[in-house]
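Chain letters run A, B, ... following the sequence lines, proteins first and then strands; every chain starts at 1. Every value quoted in this text rests on a predicted model; they were computed, and no experiment measured them.
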Protein chains: 2
Amino acid sequence: MIALIFMIIFFIMIIRRDVFQAIADPTRRQIIEKIAAGPMNLNAIAETFDSSRQAISKHIQILTECGLVVVTQKGRERYCEVCLEQLDEVSDWVSQSKKQWLHRFEKLDHYLQDLKTKTQDDGNH
Amino acid sequence: MIALIFMIIFFIMIIRRDVFQAIADPTRRQIIEKIAAGPMNLNAIAETFDSSRQAISKHIQILTECGLVVVTQKGRERYCEVCLEQLDEVSDWVSQSKKQWLHRFEKLDHYLQDLKTKTQDDGNH
DNA sequence: GATAAGCGCAATCATTTGGTTGCGCAAGTG
DNA sequence: CACTTGCGCAACCAAATGATTGCGCTTATC
């Protein structure tokens, strides 16, 4: 029980940024795609982009704040690794919304079928 | 020729808005959730939020620009309906990235198993 | 020990975003 | 016809965002 509370506190402290917001930026998405295959040195990531190292560093900080990236210090280098479990929040929301949306069509379908049978009943009078 | 370039720029700027960016805002996500069940009048949507009608109108404009919402004029009212097929772009990206990420673990797993069998071989010497 | 590499932090800046208010127009309603 | 309702548009504003530059601290290399 206590452990659960600590877990929650931990989550609140670490995960303090919106995942949706984090993946809104195309550069950040590219960073994720790059290090999805394997961890990379921060400088190595920055070199593949046009913008400066500091800009990329900031992006990675944002990704770290929502738990999408984990950084491990190793000597003077910092290895960035993705942890894409947090993306479940995104796909969950998408599937949930789509489900509701499709459900609407189902209801409409029922309505149209009801209408059809009723019209047929009227025709039988 | 110049006109064509301007057309392309226009297309990129106006028609094509990033879906990721559109769903980055929590208010817009709430709007989507609200009208996922069925179309709503613009004013009706706005009334469920604290912010002004114009603010919501702007959000819906953004959602329209990336095809997530379709607006139908009906007399003086505008009915807003979602069209969540565009969200596939999001879930596709998520699943693609996660796939790559999990693939990495698989490779690591193979490596560890290789290491294990080799150690066992060494032990058999 | 000098130098270079890898990186964070703070200051700064232009642009974007999310919101407001005021106005006006067209569609319904008394 | 006067009035209300539903809504877009434009102007405006504060805050956030994305990027840059300059500086300084470690850690590795010569």
Next on the checklist: With no hydrogens and no angle check, just 3.5 Å: does a side-chain donor-acceptor pair link Glu77(A) and Tyr79(A)?
Outcome noted: yes
Pairs under 3.5 Å (N/O, protein and nucleotides 11-17 of chain C):
residue, atom, partner, partner atom, Å
dT17(C), OP1, Gln21(B), NE2, 3.1

Item to check | Ile45(A) CD1 to Thr27(A) OG1 distance, which is reported to the nearest 0.5 Å | outcome: 12.5 Å
Next on the checklist: Rounded to whole Å, please give me the gap between CZ in Phe20(A) and C1' in dG18(C).
Outcome noted: 19 Å
Next on the checklist: Side chain of Ala55(A), heavy atoms from C-beta onward: which of dG6(C), dT20(D), dT20(C) has the nearest atom to it?
Outcome noted: dT20(D)
Item to check | Ser51(A) side chain near Ile56(A) side chain, heavy-atom distance below 4.5 Å | outcome: yes
Next on the checklist: Could you go through Arg29(A) and Asp18(B), starting from their C-alpha distance and side-chain angles, then the distance that decides it, and tell me whether this counts as salt bridge (Lys or Arg N to Asp or Glu O under 4.0 Å)?
Outcome noted: CA-CA 12 Å; Arg29(A) 257 174 285 150; Asp18(B) 194 4; 2.6 Å; yes
Next on the checklist: In this structure, how many angstroms lie between the C1' atom of dG18(D) and the CG atom of Asp18(B), rounded?
Outcome noted: 15 Å
Checklist outcome for this item: From CD of Gln61(B) across to C1' of dG19(C) the rounded distance in Å is 14 Å
Checklist entry - Within the structure, does a side-chain N or O atom of Ser52(A) lie under 4.0 Å from either OP1 or OP2 of dT20(D)? => result yes
Checklist entry - Should Ser57(B) be listed as having a side-chain N or O under 4.0 Å from OP1 or OP2 of dG8(D)? => result yes
Next on the checklist: Around atom CD of Gln30(A), are there more than 12 heavy atoms from other residues, nucleotides or ligands closer than 6.0 Å?
Outcome noted: yes
Checklist entry - Going from OG on Ser91(B) to CG on Asp92(A), what distance comes out if it is rounded to the nearest 0.5 angstrom? => result 11.5 Å
Checklist entry - Does His59(A) put a side-chain nitrogen or oxygen below 4.0 Å from OP1 or OP2 of dT17(D)? => result no
Checklist entry - Reckon Asn43(B) has a side-chain N or O less than 4.0 Å from the OP1 or OP2 of dC7(D)? => result yes
Return the polar atom pairs (N/O with N/O) between nucleotides 1-4 of chain C and the protein under 3.5 Å, or none.
none

Next on the checklist: Measuring from the side chain of Arg78(B) (C-beta onward, heavy atoms only), which nucleotide among dG6(D), dG8(D), dT20(C) has the closest atom?
Outcome noted: dG8(D)
Item to check | Gln73(B) or Gly75(A), whichever maps to the more 5' nucleotide of DNA chain D | outcome: Gln73(B)
Checklist entry - Per the atom types in the model, does the base of dG22(C) pair as donor or acceptor with the side chain of Gln54(B) at under 3.5 Å? => result yes
Next on the checklist: Expressed as a whole number of angstroms, how long is the span from Glu65(B):CD to dG8(D):C1'?
Outcome noted: 14 Å
Next on the checklist: Tell me whether Arg28(B) is salt-bridged to Glu33(B), with the criterion being a basic N under 4.0 Å from an acidic carboxylate O.
Outcome noted: no
Checklist entry - What is the distance from CD1 of Ile62(A) to P of dC9(C), rounded to the nearest Å? => result 13 Å
Checklist entry - Taking atom CG of Leu42(A) and atom CD of Gln73(A), what is their separation to the nearest 0.5 Å? => result 10.0 Å
Next on the checklist: Can you measure Glu77(A) atom CD to dT27(D) atom P for me and round it to whole angstrom units?
Outcome noted: 13 Å
Checklist entry - What's the CG-P distance between Leu42(A) and dT27(D), to the nearest Å? => result 17 Å
Next on the checklist: As an exercise, state the distance from CD1 of Ile23(A) to CD of Glu89(A), rounded to the nearest 0.5 Å.
Outcome noted: 9.5 Å
Next on the checklist: Output the rounded distance in Å from CD1 (Ile23(A)) to C1' (dG18(D)).
Outcome noted: 18 Å
Next on the checklist: So, does Asn41(A) get its side chain near the phosphate of dC7(C), meaning an N or O under 4.0 Å from OP1 or OP2?
Outcome noted: yes
Item to check | Inter-residue atom distance Leu68(B).CG - Glu85(B).CD, 0.5 Å rounding | outcome: 11.0 Å
